[in-house]
Amino acid sequence: MKHEKEALRRKRILHESIRTALATLLLLAVSLLTFAWFHHARPQKRMSAGLLTATPTPAVAEALEAAALLPAPTPQGEDRPASTPAPTPAYVPWVEKFADRFSAETISTDEGYTSPNLAVRISKVQYGQAKTAVYYLADIYLTDVFQFETVLAENSFGKGLRESVKDMGKRAGAILAMTGDTYGNQDAGIVIRNGIVHRQEKSTFDVCVLYYDGTMRTFSPEDFDLEEAIHAGAYQAWSFGPMLLDGQGQPIPNEQLNTSKNIRRANPRAGLGYFEPGHYCFLVVDGRTDDASGLTLEAFSQLFYELGCTAAYNMDGGRSAEMFYNGAILNDPYKGGRSVSDCLIILETVTGKEP
Amino acid sequence: MRFLIKLLQAVLMVLSIMMMIFLVLDGFNPTMNFLRNDITKGLLWLFSLLALFDGLLVMAAVITGRFRTGKKKHSHRPHRED
């Protein structure tokens, strides 16, 4: 009798424990799903700051070019050097500077695209030794900075708005596209797109700025000044990173990269490289597969250095890392890729930017 | 009352697991901002207040002697000697 009672009691406790555990798990699942919906899944258009950076009129462009061409002010007084500083090389329009890269007619193949306005050379490279990383490099020469645009998902600034790189690329008529900084996952971080400041709040991430004169600079969050960037003619600004090359164009050691330990591990990657005004590269690395492990951030930094870039910036990687070329996704994204909030595109012609 | 206390404890467990999940996810992907967003801040406030309330309940139960530990209390009744 006593044993039966004890057994019954134990059974009751077991049943109640299971019931409580299941109810708690259910509550947890519901809570997490609700959180995910409100935190990042719910599409919500946000108010863009709507500030214009330096107006991209020919006059401003000329002024920016002139500013870039002006020699450093000559010191006055006793400290004046005896020798004359070396003359600054004359400004050469990109179309002339990279003339040997362009072609008289438009030629589009799997290996690249050339026209009188644009040259894109695509290469697929196996990199590394034991478990190789496969990367796709798009070497880009432009005749005009306005050929380098960014596209927002659903053509709107907001949070939780998502679209595939392929759809955005096709919609914009891009020759080439690559994943951007997925600004829509964050509540802060500088966002300047095609000359419009959408978000002014700084985050803890490094900032990358492409200016109207074609130069690209990367900043640590402490060094970045929005007003200064606007004044200098910021055309695009991304907040993700980290920056992959330092101010002298040298690779950055692992422990100095401004991101967490987990992000530094081998992963699929997407990055933007800068050689000189008008000459850039998009780089996407496949990973997390049996054939390719991806690259650590330090190796990614080293790769940009080896390619000869003077500045480089990490964009959203992992499953988001995708490169679109000639109407299709070029690389093999992890789990088929995913929709993101923005992408970088290269256009054949300059669209909609005339004053 | 018993149901409310059980619910409170379930909610506290759920909130603590959620916070741990956010901590782990933030380590893997800090750009998703799992920890510093307004929703998590609100949840953290709720977690703290409920934990405080739960602590007060337990303390009150201990003080008033309603809190039972696993140990059996000695019976005051005299042993029967058959």
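In what follows, chains are A, B, ... by sequence order, proteins preceding strands, each numbered from 1. Everything numeric in this text was worked out from a predicted model, so none of it was measured.
If you measure heavy-atom distances from B:I21 to chain A, the contacts under 4.5 Å come from the side chain alone. Proximity to chain B involves both the backbone and the side chain of A:F38, based on heavy atoms less than 4.5 angstrom apart. Both the backbone and the side chain of A:H39 come within contact range of chain B, judged by heavy atoms closer than 4.5 Å. B:L7 does not touch chain A: none of its heavy atoms, backbone or side chain, sits under 4.5 Å away.
The closest side-chain heavy-atom distance from B:V11 to A:L27 is below 4.5 Å.
B:N37 contributes atom CG, which lies 11.5 Å from atom CG of A:N185 (distance to the nearest 0.5 angstrom). A:L32 contributes atom CG, which lies 6.0 Å from atom CZ of B:F22 (distance to the nearest 0.5 angstrom). With rounding to the nearest 0.5 Å, the separation of NZ in B:K6 from CD in A:E16 is 4.0 Å. Of the inter-residue distances, the one linking B:L43 atom CG with A:T34 atom OG1 reads 10.0 Å to the nearest 0.5 angstrom.
Here the closest non-hydrogen pair linking B:I39 and A:F35 is CG2-CD1, 3.6 Å.
Of the possible donor and acceptor atoms, one in the side chain of A:S260 sits under 3.5 Å from a partner among the backbone N and O of B:G27.
More than 12 heavy atoms of other residues, nucleotides or ligands sit less than 6.0 Å from atom CD of A:E255.
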